[in-house]
Amino acid sequence: MKQKTTDNSAAIGVFDSGVGGLSIAKCIAQQLPHENIIYLADSRHAPYGEKSVDFIIQRVNSMAKLLLAKGVKALVIACNTATVNAIEQLRAQVNIPIIGVEPAIKPAAKQSISKKIAILATQATSENQRFKDLIDLHHNGAQVFIQPCPGLVEFIEQGKQRSPACNALLRQYIEPLVKQGIDTLVLGCTHYPFVQQQISVIAGQQVSIIETAAPVTQQLMKKLAENNLTASKKQQGQTQFFSSLATKQQEQIFSQLWQAPLTLQPLNE
């Protein structure tokens with residue numbers, strides 16, 4: 001893939017199948033206020049969780065190409081499904097830092113007292129061999145329950161995460177895990193922090209919830225520093241938002257999740 005020469009003032013490219021990666025982009029914007037960010041949502045094809053591996057790889061490469069054409073200096077794949085299915089082949093094609101999102105299995109297993117942890121994930125992530133290998137590597141003697149959550153991403157994409165139907169779906173997925181005696185719950189999809197409050201209420205105070213925005217941001221900071229790509233402190237970072245399904249309704253959902261008004265631009269593929 002062709003990429004322009006990058007400099008310190010160039011933007012960080014962040015992409016996801018939809019709005020989920022905003023949870024990562026927001027953390028990056030807060031922790032790295034001098035960095036420019038280009039956020040790209042492939043909402044026309046969301047969610048990736050029910051798509052084939054070949055399709056996910058094709059979309060990831062297409063999104064990466066668009067961001068490279070905009071001259072980004074680093075890529076963040078803010079999507080668990082895209083990371084486990086497509087990051088290795090993308091790294092083989094691109095020589096700027098690429099940071100992926102992986103469920104925080106290692107810290108969850110380490111902190112669990114009951115030695116029972118659960119991971120909420122999309123269907124595609126839950127079936128992925130790389131994901132299963134990560135669990136084998138990091139479970140630290142803990143029993144790991146994998147809970148696929150079909151339908152959950154769609155509620156969040158439509159801005160209906162507070163609806164009774166979404167709450168009912170969350171109960172269906174979480175209550176059986178609580179009965180199994182879990183004490184730690186990993187959010188294995190970047191969309192899920194947007195329902196973290198509801199998850200917490202259903203799971204109860206005895207269950208710790210772990211998500212991945214902070215460790216991803218830390219890894220990005222490390223990679224920027226290693227490659228001498230950190231932005232000057234004189235620069236005030238700007239964030240641009242693009243979507244393959246840029247409608248007024250989606251712009252409202254983006255603004256609601258970002259907690260500030262924003263302009264959503266169409267993606268010209």
Side-chain angles (χ1 to χ4, degrees), residues 1-17 20-42 48 56-107 125 130-131 133-134 137-138 188-190 193 210-242 258 265 267:
M1 283 187 200
K2 283 187 180 174
Q3 55 217 78
K4 296 175 184 174
T5 51
T6 51
D7 60 41
N8 294 39
S9 64
I12 295 157
V14 181
F15 71 91
D16 179 33
S17 62
L22 290 171
S23 63
I24 303 278
K26 194 161 182 61
C27 187
I28 294 169
Q30 286 166 343
Q31 298 294 316
L32 303 171
H34 306 290
E35 297 289 352
N36 292 317
I37 299 167
I38 298 173
Y39 184 84
L40 202 155
D42 192 19
Y48 284 174
I56 293 164
I57 288 171
Q58 181 250 314
R59 291 311 298 165
V60 165
N61 290 348
S62 178
M63 297 295 99
K65 213 171 185 175
L66 288 164
L67 285 165
L68 291 169
K70 292 180 185 295
V72 298
K73 63 183 178 182
L75 283 171
V76 178
I77 304 180
C79 172
N80 295 75
T81 302
T83 298
V84 296
N85 285 289
I87 195 168
E88 297 305 341
Q89 60 84 40
L90 187 62
R91 279 182 174 147
Q93 302 177 66
V94 178
N95 60 10
I96 59 171
I98 301 176
I99 292 92
V101 182
E102 282 170 350
I105 300 156
K106 197 175 182 178
T125 297
R130 186 166 179 260
F131 170 68
D133 291 344
L134 276 173
L137 191 64
H138 296 310
C189 169
T190 55
I210 299 181
E211 52 100 18
T212 49
V216 168
T217 304
Q218 287 296 321
Q219 181 66 4
L220 172 64
M221 287 164 81
K222 186 179 158 209
K223 289 292 175 191
L224 291 176
E226 279 173 8
N227 291 276
N228 296 315
L229 289 171
T230 307
S232 157
K233 292 221 171 6
K234 293 175 190 167
Q235 178 174 294
Q236 182 52 51
Q238 305 290 323
T239 305
Q240 292 177 283
F241 302 88
F242 293 86
W258 193 253
Q265 302 176 66
L267 198 61

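We use all heavy atoms of the structure for the numbers below, so side chains are in, but hydrogens, waters and symmetry mates are not.
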Check the angle between the aromatic planes of Phe241 and Trp258 and answer parallel, tilted or perpendicular using the 30° and 60° thresholds.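 Rings of Phe241 and Trp258: perpendicular, over 60°.
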
Residue pair [X] / [Y]: nearest heavy atoms and the distance that separates them:
X	Y	result
Ala213	Ile24	CA-CD1, 3.7 Å
Ala25	Ile37	O-CD1, 4.0 Å
Arg91	Ile99	NH2-CA, 4.3 Å
Ala82	Val60	CB-CG2, 3.6 Å
Thr125	Phe131	O-CD2, 3.0 Å
His34	Ala231	O-CB, 3.5 Å

Quick check against the 3.5 Å criterion: does [X] have a side-chain atom that pairs as donor or acceptor with the backbone of [Y]?
X	Y	value
Tyr39	Thr239	no
Gln219	Val216	no
Asn36	Ala10	no

Step by step, would you call Ile12 with Leu229 a side-chain contact (heavy atoms from CB on, under 4.5 Å)? CA-CA 10 Å; Ile12 295 157; Leu229 289 171; over 6 Å; no

Between Ile57 and Asn61, is a side-chain contact (heavy atoms from CB on, under 4.5 Å) present by the stated rule, with each step listed? CA-CA 6 Å; Ile57 288 171; Asn61 290 348; 3.8 Å; yes

Enumerate the residue pairs fulfilling salt bridge (charged side-chain N to carboxylate O under 4.0 Å, His left out) with a member in residues 213-242, sequence neighbours excluded, ordered by first and then second residue. Lys223-Glu226

Enumerate the residue pairs fulfilling salt bridge (charged side-chain N to carboxylate O under 4.0 Å, His left out) with a member in residues 33-42, sequence neighbours excluded, ordered by first and then second residue.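 Checked against salt bridge (charged side-chain N to carboxylate O under 4.0 Å, His left out) - neighbours excluded - the pairs reaching residues 33-42 are Glu35-Lys73, Asp42-Arg59.
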
Flag the pair [X] / [Y] as yes when at least one side-chain heavy-atom distance between them is below 4.5 Å, and no otherwise.
X	Y	value
Ile105	Leu137	no
Met63	Leu66	yes
Ile77	Val101	no
Leu220	Leu224	yes

Quick one: list whatever passes side chain to side chain donor-acceptor pair (under 3.5 Å) with Asn227, sequence neighbours left out.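 If we apply the side chain to side chain donor-acceptor pair (under 3.5 Å) test to Asn227, skipping adjacent residues, there are no hits.
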
With sequence neighbours excluded, residues passing side chain to side chain donor-acceptor pair (under 3.5 Å) with Arg130: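 Side chain to side chain donor-acceptor pair (under 3.5 Å) check on Arg130 returns Glu88, Glu102.
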
How many angstroms lie between [atom1] in [X] and [atom2] in [Y], if you round to the nearest 0.5 Å?
X	Y	atom1	atom2	answer
Ser232	Asp7	OG	CG	11.5 Å
Thr190	Leu22	OG1	CG	8.5 Å
Leu267	Leu40	CG	CG	4.5 Å

Set out, in order, the CA-CA distance, both residues' side-chain angles and the distance that settles side-chain contact (heavy atoms from CB on, under 4.5 Å) for Asp16 and Tyr48, then state yes or no. CA-CA 9 Å; Asp16 179 33; Tyr48 284 174; 5.8 Å; no

Salt bridge (charged side-chain N to carboxylate O under 4.0 Å, His left out) against Lys26, all qualifying residues, sequence neighbours excluded: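 Checked Lys26 against salt bridge (charged side-chain N to carboxylate O under 4.0 Å, His left out); zero matches.
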
All side-chain contact (heavy atoms from CB on, under 4.5 Å) counterparts of Gln31, not counting sequence neighbours: Cys27, Thr217

